[in-house]
Trainee: 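Have a look at the structure that comes next, please.
Because only heavy atoms are used, hydrogens play no part in the values below, and waters and symmetry mates are left out as well, while side chains stay in. Chain identifiers are assigned alphabetically (A, B, ...) following the order of the sequence lines, protein sequences preceding nucleic acid strands; residue numbering begins at 1 within each chain.
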There are 2 protein chains.
Amino acid sequence: MEQEEMRSRCENCIVRQFNSLRALTKEELKKVSDSKISKKIKKGDTIFQEGEKLNGVYCVRDGVSKLAKLSPNGKGQIVKLATKGELIGQRSVIAEEKVNLSATALSDMEVCFIPKEGIVNTLHTNPNFSLEVLRHMAHDLKEADDVIVNMSQKTVKQRIAEAFLYLKNTYGEDADGFLSLTLSRDDIASIVGTATESCIRVISEFKKKELIHTSGKKIGIANEKKLQDMVDGF
Amino acid sequence: MEQEEMRSRCENCIVRQFNSLRALTKEELKKVSDSKISKKIKKGDTIFQEGEKLNGVYCVRDGVSKLAKLSPNGKGQIVKLATKGELIGQRSVIAEEKVNLSATALSDMEVCFIPKEGIVNTLHTNPNFSLEVLRHMAHDLKEADDVIVNMSQKTVKQRIAEAFLYLKNTYGEDADGFLSLTLSRDDIASIVGTATESCIRVISEFKKKELIHTSGKKIGIANEKKLQDMVDGF
DNA sequence: CGTAGACTATGACAATTATCAGGTTTTAAA
DNA sequence: TTTAAAACCTGATAATTGTCATAGTCTACG
């Protein structure tokens, strides 16, 4: 059990290297580690919901979640995927507002809930940490701006092609050449902002043109160059 | 001239109260004021362009600018309007990346260029300032997320109606009941992400339905409630 | 192992939106 | 004041995308 105790300390957690927590001092990290709560979340379960008030942030240790807004009529729009190493909920904690997106697990996940006190205090006292958080937020903002531009300037086909390339570059492929992150057609549609049926149709078309190959819901990229050309409008 | 000297000091600039600079200490503010350069920018002129490397941020003292991405085919997408009191270019300076949007004046403007050294140093030493910048960025990020959701879940008509309400709430109306910020049909189209012709058609339709009234390119809101209902899908 | 429910798939059609082509009006500058 | 350019407007048409209906396929679980 001492082994397990060691492993569960933030100080020994590799994931921390990927997010703003790496700017914490040893003492600050110790406090965070003492206050954090590890949780396992099953695929499909929600971590938090739009409108909730968050009392802390979640650090993703393993798995992938979607941050999305559901509309009254049932269709949702995925705004961002958050994966190993990312902090979610920080925007809401910093702005002291209710969360405007809900977070749902796309795979089994392991997350650590970090109560906001530790975070907020440190923001006031450790400029390196603030700056690090700021950099991450600046990056998220750029990505969001890019999504806005893509939604208005690219067709559904282009956006789906782009999504596949993004998934390959971000999450990689398995041994058989399929994207490591397997999403439902519905989730893919929600990422690119289109109807599920339109998404399925485009996937069928890509398959016919041998740009991708599929097996069940798994998708593999067969012709990266042509997909990229399509994104670029050729 | 001493009067003018007084007025041009950041210490006496009202605009500062609206942005992160209010978190600066007197000394820090003095340094910023000493290093800043005031510029007048004429309507239509660009402040900076996509891909440029910014050596500082711009503080908008008066006027309105659009932050947009131009696409190769000529259509642009406006991602954000920045007005009196806002800082622009901070994202790029913080992330130490080239700017990903270009900034163009929509009206005659007065801006102050603040070299990044002062900003970056202060970010490292004054946690209040970092935190204030962080809050603003968190707010921008939420707005960007909302735009993404709107683009995918609302029709062009709804987005245009929403834009008019936004312009009224943000910039107000003049004495004759027209929106204070007058935009070209082209710019309105770029905000909601549609073709100029589609935008004009919707405006004509709104006019026929007496939801708005126009005079030249000026637009006034005639029936706020019905416009809001339209946004909400009724 | 069989069945309910969820997911995938496709066709037919409707709605939305873009594009092209042509006018008219407004604006700004000579 | 004339004139050229830019902005606005409208119609006709095409392309894209969404919706509805229906059926096949997969999968989890009793």
Trainee: Just the endpoints, please: which first and last nucleotides of DNA chain C, 5' to 3', lie under 4.0 Å from a heavy atom of chain B?
Mentor: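 Range of nucleotides within reach of chain B: C:dT17 to C:dC20.
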Trainee: For DNA chain C, which residues of residues 156-165 of chain B approach it to below 4.0 angstrom with any heavy atom?
Mentor: B:Val156
Trainee: Has the side chain of B:Arg159 got a donor or acceptor atom that lies under 3.5 Å from a matching backbone atom of B:Val192?
Mentor: yes
Trainee: Test of understanding: with side chain to side chain contact (heavy atoms under 4.5 Å, CB included), list the residues that count as partners of A:Ala144, not counting sequence neighbours.
Mentor: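 Testing A:Ala144 for side chain to side chain contact (heavy atoms under 4.5 Å, CB included), a comparison that skips the adjacent residues, returns B:Leu141, B:Ala144, B:Asp145, B:Ile148.
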Trainee: What residues form a ring pair (Phe, Tyr, Trp, His ring centres under 6.0 Å) with A:His139, not counting sequence neighbours?
Mentor: none
Trainee: NZ of A:Lys154 versus P of D:dT17: gap in Å, rounded?
Mentor: 13 Å
Trainee: Rounding to 10 degrees, work out the angle separating the end axes of the helix from C:dC1-D:dG30 to C:dA30-D:dT1 (five pairs an end).
Mentor: 50°
Trainee: Can you name the salt bridge (Lys or Arg N to Asp or Glu O under 4.0 Å) partners of A:Lys66, sequence neighbours left out?
Mentor: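 In terms of salt bridge (Lys or Arg N to Asp or Glu O under 4.0 Å), with neighbours along the sequence ignored, A:Lys66 is linked to A:Asp187.
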Trainee: Could you pull out the protein-nucleic contacts involving nucleotides 8-13 of chain D (nitrogen or oxygen on both sides, under 3.5 Å)?
Mentor:
{"from": "D:dC8", "atom 1": "OP1", "to": "B:Arg185", "atom 2": "N", "distance (Å)": "3.3"}
{"from": "D:dC8", "atom 1": "OP2", "to": "B:Arg185", "atom 2": "N", "distance (Å)": "3.2"}
{"from": "D:dC9", "atom 1": "OP2", "to": "B:Arg185", "atom 2": "NE", "distance (Å)": "2.7"}
{"from": "D:dC9", "atom 1": "OP2", "to": "B:Arg185", "atom 2": "NH2", "distance (Å)": "3.3"}
{"from": "D:dT10", "atom 1": "OP2", "to": "B:Ser204", "atom 2": "OG", "distance (Å)": "2.6"}
{"from": "D:dG11", "atom 1": "N7", "to": "B:Arg201", "atom 2": "NH1", "distance (Å)": "2.9"}
{"from": "D:dG11", "atom 1": "O6", "to": "B:Arg201", "atom 2": "NH2", "distance (Å)": "3.0"}
{"from": "D:dA12", "atom 1": "N6", "to": "B:Arg201", "atom 2": "NH2", "distance (Å)": "3.3"}

Trainee: Which residue pairs satisfy the side-chain hydrogen bond (donor to acceptor under 3.5 Å, both in side chains) criterion with at least one member in residues 76-94 of chain A, sequence neighbours excluded?
Mentor: A:Gln77-B:Ser152, A:Lys80-A:Glu86, A:Arg91-A:Glu97
Trainee: Check whether any side-chain N or O of A:Asp232 sits under 3.5 Å from a backbone N or O of A:Phe234 as a donor-acceptor pair, and report yes or no.
Mentor: no
Trainee: Could you name each residue pair satisfying side-chain hydrogen bond (donor to acceptor under 3.5 Å, both in side chains) that touches residues 190-212 of chain B, not counting sequence neighbours?
Mentor: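 For residues 190-212 of chain B: B:Lys157-B:Glu205, B:Asp186-B:Thr196, B:Glu205-B:Lys209, B:Lys207-B:Thr214.
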Trainee: Identify every side-chain donor-acceptor pair in residues 163-171 of chain B under 3.5 Å, counting partners at least two apart or on other chains, and give the distances.
Mentor:
{"from": "B:Lys168", "atom 1": "NZ", "to": "B:Glu224", "atom 2": "OE1", "distance (Å)": "2.6"}
{"from": "B:Asn169", "atom 1": "ND2", "to": "B:Leu165", "atom 2": "O", "distance (Å)": "3.2"}
{"from": "B:Thr170", "atom 1": "OG1", "to": "B:Tyr166", "atom 2": "O", "distance (Å)": "2.7"}

Trainee: Which pairs would a plain distance check flag for residues 38-52 of chain B, meaning a side-chain donor or acceptor within less than 3.5 Å of a matching protein atom at least two apart in sequence or in another chain?
Mentor:
{"from": "B:Glu52", "atom 1": "OE2", "to": "B:Gln49", "atom 2": "N", "distance (Å)": "3.1"}

Trainee: Listing request: all side-chain hydrogen bond (donor to acceptor under 3.5 Å, both in side chains) pairs with a residue in residues 173-182 of chain B, at least two apart in sequence or in separate chains.
Mentor: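 Residue pairs with at least one partner in residues 173-182 of chain B: there are none.
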Trainee: Do the side chain of B:Lys36 and the main chain of B:Arg9 share a donor and acceptor less than 3.5 angstrom apart?
Mentor: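 No, because the side chain of B:Lys36 does not come within donor-acceptor range (under 3.5 Å) of the backbone of B:Arg9.
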